[in-house]
Amino acid sequence: MNFSEEILKWYQVNKRSLPWRGSTDPYKIWLSEVILQQTRVVQGIPYYLKFVETYPEVGDLARASEAEVLKLWQGLGYYSRARNLHAAAKMVSEQYGGVFPETYGGLLGLKGVGDYTASAIASICFNVPEPVVDGNVYRVLARYFGVDLAINSTEGVKYFKKLAREVMDVGRIRDYNQGIMEFGAIQCVPKSPDCEACPLSESCVALQMKRVGDLPLKLKKTKVRSRYFNYIVFVSKDGRTVLEQRKGKGIWENLWQFPLIESTQKLSQSGFERRFGELNQTVDLVSIDLFNPEAIVHKLSHQHLYTSFWVVRTKEFPMDGISFEEADTYPVPVLIADFLRSFKKSYF
DNA sequence: AAGCCGGGGGA
DNA sequence: TCCCCAGGCTT
């Protein structure tokens, strides 16, 4: 048996039962694929179930507001996926009459659908012979064929795509593509794979060369940036607060948060009061208290956010405040959601 | 080509 | 602590 035959045989026996498995409905496959971009299956499943229940068809998603979609996406990260998901749903509804394109190129034109996702939808839904190359496939191919190119280099990307195309099973592309990804996720795992139990071990180059531990190769990641966030948690006499929407580029675009003062280092009480004063607030101050004396460190893959929540009590609100219950209906970063939970526990 | 974009889980 | 996850977009 050759490579693809082994993969297909292994898949037949070992495939997991997943909510979207077996479906060829492009809406459901597209939804699952976007949710699973850079996301573990176990983390994505509850979101997939929420989305198909809330929006049974692409038109339902298209008719929702972006804020509603972001709220359902809250906690999953990479929020551009949610914004693009919503935009793509509108494209399908308005430009394609609610019917997904059935070609690789057509799918690639949808927002948030790149090479991988277009290949996945085209092959799984329409049996289009396009190879998928995700993180699992890179690992399986790099090890089995002993490829020394970095998977995130331009040359590596081209090489692996070509190799994937050469070894795929054109006639059974639907199962083969899902099979090689499943094989990477279950058998050929990143760390300490059980090669003794692997049906492909005899012909695996990395195993014979004792290089399973250092393949696939990957170029160094970007370094983390440290930032200091000071959130202004207004609390008026009638228990209302203020949220504002993040605009422009950067993390959490279009999500909501408390008014923010960013500093280059941790602010003291007087330091915060000075920066707060510079905002030219016209509120009637009662008190300013630091909620968390020790900064909350919110760690993202590329930023460490050292965060202080300053509780600013006021008399009346000239601006349009909201209640803390209402705050829970806004799409917010996990950092804010966590604070809201602990704040309400200690103050109410 | 390189940087940016989240959050969580495993070792 | 580091690495990875059914990647894509922007510059």
Side-chain angles (χ1 to χ4, degrees), chain A residues 11 15-16 18-21 28-48 70 73-85 87-88 107-121 123-124 131-140 142 150-158 160-161 164 176-186 188-193 213-214 216-225 227 246 248-255 297-305 331-338:
Chain A
Y11 180 59
K15 63 179 170 188
R16 291 169 290 185
L18 300 173
W20 52 87
R21 184 83 86 200
K28 289 182 176 174
I29 297 303
W30 163 70
L31 202 48
S32 71
E33 292 298 345
V34 174
I35 286 173
L36 293 177
Q37 288 168 5
Q38 291 294 289
T39 304
R40 293 171 192 279
V41 167
V42 286
Q43 188 187 1
I45 286 176
Y47 285 85
Y48 171 81
L70 283 171
W73 198 272
Q74 180 178 309
L76 199 53
Y78 284 142
Y79 297 94
S80 65
R81 291 184 292 169
R83 299 192 301 271
N84 288 334
L85 189 81
L107 290 161
L108 197 58
L110 298 175
K111 278 201 171 187
V113 175
D115 174 55
Y116 163 76
T117 305
S119 302
I121 302 172
S123 61
I124 295 172
V132 291
V133 186
D134 73 335
N136 294 307
V137 176
Y138 278 123
R139 186 170 54 255
V140 172
I151 62 174
N152 56 344
S153 67
T154 303
E155 188 186 2
V157 169
K158 280 180 62 180
F160 279 99
K161 181 79 175 183
Y176 169 78
N177 271 348
Q178 296 180 80
I180 189 172
M181 291 191 285
E182 191 82 336
F183 181 78
I186 304 293
C188 196
V189 294
K191 288 179 181 174
S192 311
D214 51 69
L217 262 47
K218 197 171 182 180
L219 269 41
K220 65 195 181 304
K221 70 289 181 190
T222 59
K223 62 175 190 292
V224 255
R225 179 160 67 117
R227 304 174 71 178
R246 286 185 69 92
K249 303 295 181 187
I251 56 170
W252 303 331
E253 183 183 339
N254 289 9
L255 270 67
V297 188
H298 190 68
K299 291 184 176 179
L300 308 177
S301 52
H302 53 294
Q303 292 184 25
H304 287 182
L305 307 177
V332 298
V334 165
L335 173 64
I336 302 297
D338 286 348

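Every chain is numbered from 1, with letters handed out A, B, ... down the list of sequences.
The side chain of Q303(A) sits closest to dC5(B) out of dG9(B), dC5(B), dG6(B). Nearest to the side-chain atoms of R40(A) among the listed nucleotides dC3(C), dG7(B), dG9(B) stands dG9(B). Comparing dG7(B), dA6(C), dG8(C) against the side chain of P333(A) picks out dG7(B) as the nearest.
Nearer the 5' end of DNA chain B, as judged by each residue's closest nucleotide, is the contact made by S153(A), out of S153(A) and Y79(A).
F160(A) CZ to E155(A) CD: the interatomic distance, rounded to the nearest 0.5 Å, is 10.5 Å.
Under 4.0 Å is where a charged nitrogen must lie from a carboxylate oxygen, and between R81(A) and E33(A) no such pair does.
Residue contacts for W73(A): at a heavy-atom cut-off of 4.0 Å it reaches no nucleic acid atom on any strand shown. Using a 4.0 Å heavy-atom distance criterion, L76(A) is classed as a base contact. Across all strands, D115(A) comes closer than 4.0 Å only to sugar-phosphate atoms, never to a base (heavy-atom distances). Within 4.0 Å (heavy atoms only), G75(A) reaches sugar-phosphate atoms of the nucleic acid but no base atom. Counting any heavy atom pair closer than 4.0 Å across all strands shown, T117(A) reaches sugar-phosphate atoms only and no base atom. At a threshold of 4.0 angstrom between heavy atoms, the contacts of V41(A) are confined to the sugar-phosphate backbone, with no base atom among them.
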Inset, instruction - Show your reasoning for whether side-chain contact (heavy atoms from CB on, under 4.5 Å) applies to V332(A) and L255(A). - result: CA-CA 5 Å; V332(A) 298; L255(A) 270 67; 5.7 Å; no
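Distance noted for atom P between dT10(C) and dG6(B): 14 Å (whole Å). Spacing of P atoms, dA6(C) relative to dG3(B), comes out at 25 Å, to the nearest Å.
Within the 4.0 Å cut-off from OP1 or OP2 of dT1(C), at least one side-chain nitrogen or oxygen of K299(A) is found.
Taking atom CG of residue L36(A) and atom C1' of nucleotide dG8(C), one finds them 15 Å apart after rounding to whole Å. Here dC3(C) presents its P atom at 13 Å from CG of L217(A), a figure rounded to the nearest Å.
Under the 30°/60° scheme for interplanar angles, the aromatic rings of H298(A) and W252(A) are found to be tilted.
When both distances must be under 3.5 Å, the Watson-Crick or G-U wobble mate of dC3(C) is dG9(B).
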